[in-house]
Amino acid sequence: MRYVGWLFICNILVSVQGISQTTPEDFLITAFEDRSLNEYQAQINFINRGTYKIPFGDEFELRYGNDELSLEDVGYQLRFRPSNPWKVRRNNALFNARKEAITLRQSLVFKKLLFDRYLMLLKYISSKNATELSKKKYQLAQNKVQLYEQAVESDLFDGSGFIDAKLEVIELLEKYEDSKVKWNHATEKIKLILGKENIEWNDFTLISLEKMEETMYNLLTSSFFNTDLQYLQKQVEVAELETSTERFDFDLGYIQAEYTPFKNNGDNELGISVGVTLPIFKNNKNQIAEQKLDEIEQQNEFNAAVHQDSLNKVLKSSFLSSYLLHHKKLLKEINALNLDSITKNLSVSENFNPLSLLKLEEGKIKLEEIVQISHHRLLKYYLEFLNAFDALQQIPLKNYLSNDLNFIR
């Protein structure tokens, strides 16, 4: 019974630990929860309440008249000024457009937040790999010192080489500690956003070159309209509606009901009168002009952005393609060296020198470091390409750094 009890507790602990584990997708989805998005949602909620709507009438006015200052000359008028229906329609359209513009602005902020998290995830992975590689270099330097110490009495001993090896250990130790600090810094930033104490993403597989090429080709043949352009285009529409609303900001006139209860000449005590306003002279021409200038500015900004967006996409795709070929060529050249075969031949040769073998291992690590740096740079260009093509925030959301393009839920 005691054994069964311990087994039950262990199963619960394992289950809780499994539930608490996080994934890179969990980190990326936190972009939805960022506080900077709250202000836009608050604006959208305010517009949804309809407080911007113009009432059906501008004013009710109750008038009292008595020209002769006598009871028989008393008159009452109730004047109503209806709202301008053209202004009402344009005002409603204006705030609907503003709501759409705020929603697009919110999407732009989310796009940046998501892109920043991708860069943080890439920084975490690259700093982790750099730390592991730095540890290898440090351990290899320690092994070199040990070989020198063991060969003090032999002809292979080199005093200056021994001193250089001892100094190299100190230098590589400092670099190793520095890389650990950078990795820890990248980890802490992710943990603060996730609100977790520990993250273990050792089983995360980065996207392969073949998958990267396939993703790139699919995006080049797709037609995503840039969110930045959508926002600027909506801003042009908002500016046009603001100008139009200002143009129709005038009174239509009035309808007036009249009541003169003390008439003695047999005339009807009730009456009605109507007034129509002719908007020949406008006192808001300066506001109309200001709105028109803003409209022209927004239109020019949109046109410039369209041109810049097309150039940016061409440059990002061209640069990614070029660097992808460069990275492939680098891998091909390194594979052609066949260093594993050289290592094997050195280890079985008659004139085997352990220091030569160590030097070859140092060369391998140096090449591995070159590949790591090149791969990190390639992934950064890949993310910039995805960001330029608005792929990162497309629904359904995917983790574009994972080899399986895992869905983000």
Would you name the heavy atoms of [X] and [Y] that are closest together and state the gap between them?
| X | Y | answer |
| --- | --- | --- |
| Val371 | His327 | O-CE1, 3.7 Å |
| Asn218 | Ser222 | O-OG, 2.6 Å |
| Tyr40 | Ile102 | O-CG2, 3.6 Å |
| Met216 | Ser317 | CE-O, 3.2 Å |
| Lys191 | Asn198 | CE-N, 4.4 Å |
| Ala31 | Leu37 | O-CD1, 3.4 Å |

Taking side chain as C-beta onward, heavy atoms only, is [X] less than 4.5 Å from [Y]?
| X | Y | value |
| --- | --- | --- |
| Val109 | Asp34 | no |
| Leu173 | Glu177 | yes |
| Leu401 | Leu383 | yes |
| Ile272 | Ile255 | yes |
| Ile373 | Arg377 | yes |
| Val145 | Glu168 | no |
| Asn92 | Tyr52 | yes |
| Arg90 | Arg247 | no |

Practice task
Please test His375 against Leu206 for side chain to side chain contact (heavy atoms under 4.5 Å, CB included), starting from the C-alpha separation and ending with a verdict.
Solution key: CA-CA 10 Å; His375 191 215; Leu206 276 171; 4.1 Å; yes

Heavy atoms of other groups near [X] [atom1], more than 12 under 6.0 Å:
| X | atom1 | result |
| --- | --- | --- |
| Lys313 | NZ | yes |
| Lys175 | NZ | no |
| Lys111 | NZ | yes |
| Lys123 | NZ | no |
| Lys136 | NZ | no |
| His185 | NE2 | no |
| Glu188 | CD | yes |

Taking [X] for its side chain and [Y] for its backbone only, find out whether a donor-acceptor pair lies under 3.5 Å.
| X | Y | value |
| --- | --- | --- |
| Ser374 | Ile370 | no |
| Ser179 | Tyr176 | yes |
| Thr23 | Asp26 | yes |
| Asn387 | Leu392 | no |
| Asp178 | Glu174 | no |
| Ser244 | Glu240 | no |
| Lys99 | Ile44 | no |
| Asn184 | Lys180 | no |
| Asp309 | Ala305 | no |
| Trp201 | Thr22 | yes |

Exercise for the section: Would you sort out whether Glu290 and Asn286 count as a side-chain hydrogen bond (donor to acceptor under 3.5 Å, both in side chains), showing the intermediate values? Expected result: CA-CA 6 Å; Glu290 287 179 3; Asn286 58 333; 5.2 Å; no

Handout entry: Chi angles and distances behind the side chain to side chain contact (heavy atoms under 4.5 Å, CB included) call for Thr245, Lys87
Key = CA-CA 6 Å; Thr245 303; Lys87 180 182 178 181; 4.2 Å; yes

Check [Y] with [X], please: is the shortest side-chain N to carboxylate O separation under 4.0 Å?
| X | Y | result |
| --- | --- | --- |
| Glu384 | Lys380 | yes |
| Lys329 | Glu333 | no |
| Glu132 | Lys128 | yes |
| Glu242 | Arg98 | yes |
| Lys359 | Glu362 | no |

[X] [atom1] to [Y] [atom2] distance, which is reported to the nearest 0.5 Å:
| X | Y | atom1 | atom2 | value |
| --- | --- | --- | --- | --- |
| Leu147 | Gln150 | CG | CD | 5.5 Å |
| Leu311 | Lys316 | CG | NZ | 12.5 Å |
| Leu209 | Lys328 | CG | NZ | 6.5 Å |
| Glu213 | Ile207 | CD | CD1 | 10.5 Å |
| Leu114 | Leu119 | CG | CG | 10.0 Å |
| Lys234 | Gln298 | NZ | CD | 13.0 Å |

Assess the side chains of [X] and [Y]: does a donor N or O sit below 3.5 Å from an acceptor N or O?
| X | Y | answer |
| --- | --- | --- |
| Ser208 | Asn403 | yes |
| Glu100 | Asn96 | no |
| Asp404 | Ser402 | no |
| Gln142 | Tyr138 | yes |
| Thr227 | Asp390 | yes |
| Gln41 | Asn45 | yes |

Practice task
Could you walk me through whether Asn84 and Asp249 pass the side chain to side chain contact (heavy atoms under 4.5 Å, CB included) test, one step at a time?
Solution key: CA-CA 8 Å; Asn84 188 326; Asp249 187 17; over 6 Å; no

Handout entry: Full working for side chain to side chain contact (heavy atoms under 4.5 Å, CB included) between Thr187 and Ile190
Key = CA-CA 5 Å; Thr187 304; Ile190 292 177; 5.9 Å; no

Exercise for the section: Determine which pairs satisfy ring-ring contact (aromatic ring centres under 6.0 Å, His included) with at least one residue from residues 378-397, sequence neighbours left out, and list them in order. Expected result: Phe319-Tyr381, Tyr323-Tyr381, Phe385-Phe389

